[in-house]
Amino acid sequence: MDNWNVDLFLAINGPTTPAPWVLHLATAFAQNLVYVGALLVAGLWIWGAPQRRGGLVAVGCGLLLAFAISTMIGLVWYHPRPFAVGIGHALMAHNTETSFPSDHGTFLFTIGLGLIATGAARRWGAVVLALGITTAWARVYLGVHWPLDMAGSYILASVCAVFAVIVRPLADAHLAPLVERLYHWVLDTLRLPLTVFPRRNSSVR
C-alpha cells in the first residue's frame with residue numbers, strides 16, 4: 001500500500017517551481033473550499049426548505065462522530081506528512097502534525113455524503129462532494145497530504161454518513177426542533193431581520 005501511496009503522491013504533487021496561477025489556485029482550493037462547504041450548509045438551514053433541517057442536524061451528528069474518530073486515530077497513530085519524510089515538494093507551509101486522515105477531506109466528504117445519504121439535499125451534497133475532491137487534489141498537489149490521507153477521509157465519511165441516516169429519525173423528531181429553538185433565540189437576541197433570516201420550523205411541511 002505504501003508503494004501506491006507514494007507513487008500516486010509523486011504523480012499528483014506539483015513541481016519545484018509550478019506556474020504561479022496554478023499555485024495560487026491550488027492554495028485557494030486547499031485553504032478555502034471548506035468555508036464554501038460550511039456556508040452552503042448554513043444557507044440550506046437558513047433559506048432552504050424547513051423539512052431539510054432534520055437531515056442537516058443528522059449530518060451534523062455524523063460530522064461530530066467523524067471528527068471524534070479522526071482525533072482518536074491521530075492520538076494513537078502518527079502518520080508523517082510527505083515533507084516530514086523528505087518526499088516530494090512542499091508548496092504550502094504546514095505544521096508537522098499527523099496527516100491521517102485529512103481534516104479538510106473529512107469535513108467536506110462527510111457533509112457531501114451525508115447530504116446525499118440522508119436525502120436532505122442530494123444535489124447540494126454532490127456539489128460539496130466535488131469540493132472535497134478538489135480540496136483533496138489541491139492538498140496532495142501542494143505536498144501537505146498523501147492520497148492515502150484523502151482515501152481514509154472518504155472511507156471515514158462514508159461510515160459517518162451511514163450513521164447520519166441512522167440518527168435521521170431522532171434528528172427529525174427531537175434534535176432539529178431543539179436546534180431551531182436555539183437558532184430562534186439567536187435571531188431574537190441579535191435582533192436579526194426576519195426578512196433575511198426567516199423564522200421557519202421543520203415541523204411545517
Cluster overlap [X] with [Y], hydrophobic side-chain contacts below 4.5 Å:
X      : Y      : value
Leu8   : Val144 : yes
Val140 : Ile155 : no
Val165 : Phe163 : no
Val159 : Met72  : no
Leu142 : Ile133 : no

Please confirm whether the backbone N or O of Gly88 pairs with a side-chain atom of Asn13, one donor and one acceptor, at under 3.5 Å? no
Would you confirm whether Trp47, through its side chain, and Val196, through its main-chain N or O, come within 3.5 Å as a donor-acceptor pair? yes
Strictly by modelled atom types, are Ser99 and His145 linked by a side-chain donor-acceptor pair under 3.5 Å? no
Should the ring pair His94 and Phe83 be called parallel, tilted or perpendicular, given that the plane angle runs from 0 to 90° and is split at 30 and 60? tilted
Ala19: side chain to side chain contact (heavy atoms under 4.5 Å, CB included) partners, not counting sequence neighbours: Trp21, Val22
Is any side-chain heavy atom of [X] less than 4.5 Å from a side-chain heavy atom of [Y]?
X      : Y      : value
Leu129 : Tyr154 : yes
Val6   : Trp146 : yes
Leu65  : Cys61  : no
Phe197 : Val186 : no

Does the structure place the NZ or CZ of Arg53 under 6.0 Å from the centre of the six-membered ring of Trp45, at an angle of no more than 45° from the ring's axis? yes
Find the distance between [atom1] ([X]) and [atom2] ([Y]) and round it off to the nearest 0.5 Å.
X     : Y     : atom1 : atom2 : answer
Leu10 : His89 : CG    : NE2   : 8.5 Å
Leu39 : Ile46 : CG    : CD1   : 9.0 Å
Thr27 : Leu91 : OG1   : CG    : 8.0 Å
Leu63 : Leu56 : CG    : CG    : 12.0 Å
Tyr35 : Asn32 : OH    : CG    : 7.0 Å

Quick test of your reading: applying salt bridge (Lys or Arg N to Asp or Glu O under 4.0 Å), list the pairs with at least one residue in residues 139-168, sequence neighbours left out, ordered by first then second residue. Arg168-Asp172
In terms of side-chain geometry, is the basic nitrogen of Glu97 or Arg81 positioned less than 4.0 Å from the acidic oxygen of its partner? yes
Could you check whether atom NE2 of His184 has more than 12 heavy atoms from other residues, nucleotides or ligands sitting under 6.0 Å from it? yes
Are Asp188 and Arg199 close enough, and set up right, to give a side chain to side chain contact (heavy atoms under 4.5 Å, CB included), and what steps lead you there? CA-CA 10 Å; Asp188 293 338; Arg199 185 189 293 269; 2.4 Å; yes
Return a table of donor-acceptor pairs under 3.5 angstrom between the side chains of residues 101-116 and protein atoms on other chains or two or more places apart.
| unit_1 | atom_1 | unit_2 | atom_2 | d |
| --- | --- | --- | --- | --- |
| Ser102 | OG | His104 | N | 3.3 |
| Ser102 | OG | Gly105 | N | 3.0 |
| Thr106 | OG1 | Ser102 | O | 2.7 |
| Thr106 | OG1 | Ser153 | OG | 3.3 |
| Thr110 | OG1 | Thr106 | O | 2.6 |

Identify which one of Thr118, Leu44, Val128, Leu64 satisfies the side-chain contact (heavy atoms from CB on, under 4.5 Å) criterion when paired with Val59. Thr118
Taking it one step at a time, do Trp137 and Phe29 satisfy side chain to side chain contact (heavy atoms under 4.5 Å, CB included)? CA-CA 9 Å; Trp137 165 81; Phe29 288 162; 4.0 Å; yes
Determine, step by step, whether Thr98 and His79 satisfy the side chain to side chain donor-acceptor pair (under 3.5 Å) criterion, reporting the C-alpha distance in whole Å, the side-chain angles of both residues, the deciding distance to 0.1 Å, and the verdict. CA-CA 5 Å; Thr98 185; His79 191 257; 5.8 Å; no
Check step by step if ring pair (Phe, Tyr, Trp, His ring centres under 6.0 Å) holds for Trp77 and Phe100. CA-CA 8 Å; Trp77 182 49; Phe100 182 90; 5.3 Å; yes
